[in-house]
Protein chains: 2
Amino acid sequence: MGRVTGDGTVGKALEVLDQVAAFGRPVRFAELLADSPFPKPTLYRFVQTLTSQQMLAYDPERQTYSPGLRLVRLAHAAWDQSTLAPMARPHLDALSAAVGETVHLAQLDHAQVLYIDKRNANKPVEMYSQAGKIGPAYCTGVGKVMLAHVDPVVAENAIGQQSFHRFTEHTLPDADALRAELAEIRANGYGFDREEHEPGIICIAMPILSDTGRLLGALSVTSTTGRTNLAGLESFEPVLRETARKIARDAANWNFPDYNAKEATRM
Amino acid sequence: MGRVTGDGTVGKALEVLDQVAAFGRPVRFAELLADSPFPKPTLYRFVQTLTSQQMLAYDPERQTYSPGLRLVRLAHAAWDQSTLAPMARPHLDALSAAVGETVHLAQLDHAQVLYIDKRNANKPVEMYSQAGKIGPAYCTGVGKVMLAHVDPVVAENAIGQQSFHRFTEHTLPDADALRAELAEIRANGYGFDREEHEPGIICIAMPILSDTGRLLGALSVTSTTGRTNLAGLESFEPVLRETARKIARDAANWNFPDYNAKEATRM
DNA sequence: TAACTTTGTTTCATTATTTGAAACTTAGTT
DNA sequence: AACTAAGTTTCAAATAATGAAACAAAGTTA
């Protein structure tokens, strides 16, 4: 299943890392090999290298590999430096308290939705379980509002990569339906998920835009058809809009051009 | 500051990734170069490759690099597959409710403590902020109980890597003091942090051991000298021990030898 | 016990990639 | 216009990756 990796040895090694992560459970060398574009010794050395680098963890008893702890360390830095999450946190807390429903914060990653934070109304803990999770862009509220507001070239590219798998009878069936929906979202300024991903699950989603109009991420409030309906969710629009604005404001001030803090040393 | 990387090109690229993560803020190419063992074009290509692989994110406006979103995706898999966190979660919830204080779940990573989950008694949200964080082993409760119960070769190696920076007047000053403390912890079965890392902060820590005695991780309950003392914390010992036992039990059953689930395909 | 099978590991000549001094480009000074 | 600093490209030499084949170890079957 040779992908068009490029990027030399490093790219290939990372492809192996993705493969292990995708298995979702400890995996044996032979299982990787059966699905690998690489010949046996090549794959073997990649796995050895990644393990020695703590990017993979090896269980000698079961002879299995899993994603390694170094990834958790590195991701902590990524989450803290490269996402909206740290500065959005207090605003998410407030939003969650205000609406009393599950709240998501997401960013666009490649052509997918990456959830970077979450508040679960009732039991407010379940978090890392969601942060880092990815979802489809074409059938989630946050996905659609982000596609609607991102650079058109990026959007078209992303649209071309959607699977348009029909999760429910309300799932948008193809690229044209999605494009029409995106136009409507642009007109309104926000969007809905009308049971397009899971039956009974609806949400209202709001883009987070910088003052120059650049897409930063998206917020959503999720509920069920048993508890409310789209009109009910629409009543959250003002607080959602305000929260998005605050996050965008804080985001503008955060990337502190603080380049005097650490002076270049030798050279 | 050339480390003994080894592992060829992949190892070097990951070293660069660590360097970017360590900066803790968006960083320019020249800043990396000033602190890099690699010559300019070599570092340049690593950064290019990592960026193209989404392991780094590039901000063209500011010409800065940060850890990339792919790390967040990968870490989600790592956290879910390679840590105690998923199966420990309900037990942590229960423990947190029982003791009403901040609770940590940690694992040993290399010679450091890696916090993989947390319950904050009062405001129970603040999580990913802690998951992925690392801490010193020689002056934290979880660090010491883990060093006390891990394979002696690993422990000695880890002891050799501790900095023994004197955070407070109670910080253990050197390897010998630490070894004595570890012996005492082994005798008791659990340990304390006696304001060794931060003044006023104390904790009781309990190792999580498999039925064969292998170290899996550690739990701790943290409080302040204002609210309680070591004797007060010691009253949590039974519930801590029981929680550790339950997590170990679930851990034994989880690594489902489920190798019929996905059959190797071609080959 | 011996033959077979499966899985994991090592070898080594060939091939392809990485390497880095130097040169070049671009943008921002002075 | 001359200078400077940061980023980018070039290309021959040095190095590392490659993978067919052989090997070792563990488990299975006869």
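Treat the numbers as computed from the prediction; the structure is a model and nothing was measured. To find a chain, count down the sequence lines: A is the first, B the second, and so on, and within it residues start at 1.
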For atom CZ of A:Phe29 and atom C1' of D:dA25, their distance in whole Å: 15 Å
Under 3.5 Å donor-acceptor, A:Gln81 side chain and B:Arg25 backbone: yes
When rounded to whole Å, the CZ to P distance for the pair A:Arg28 and D:dA26 reads 13 Å
Strictly under 6.0 Å, is that where the ring centroids of B:Tyr44 and B:Phe29 end up? yes
Letter by letter from the 5' end, nucleotides 10-21 of chain C scores (B base, S sugar-phosphate only, - none; protein heavy atoms under 4.0 Å) B------SSBBB
Would you find a donor on one side and an acceptor on the other, under 3.5 Å apart, between the side chain of B:Arg70 and the backbone of B:Met55? no
Please determine whether a side-chain nitrogen of the Lys or Arg among A:Lys12 and A:Glu15 lies less than 4.0 Å from a carboxylate oxygen of the Asp or Glu. no
Spacing of B:Gln63 atom CD relative to C:dT26 atom C1', expressed in whole Å: 10 Å
Hits for ring-ring contact (aromatic ring centres under 6.0 Å, His included) against B:Phe164, two or more places apart or cross-chain, chain-then-number order -> B:Tyr138
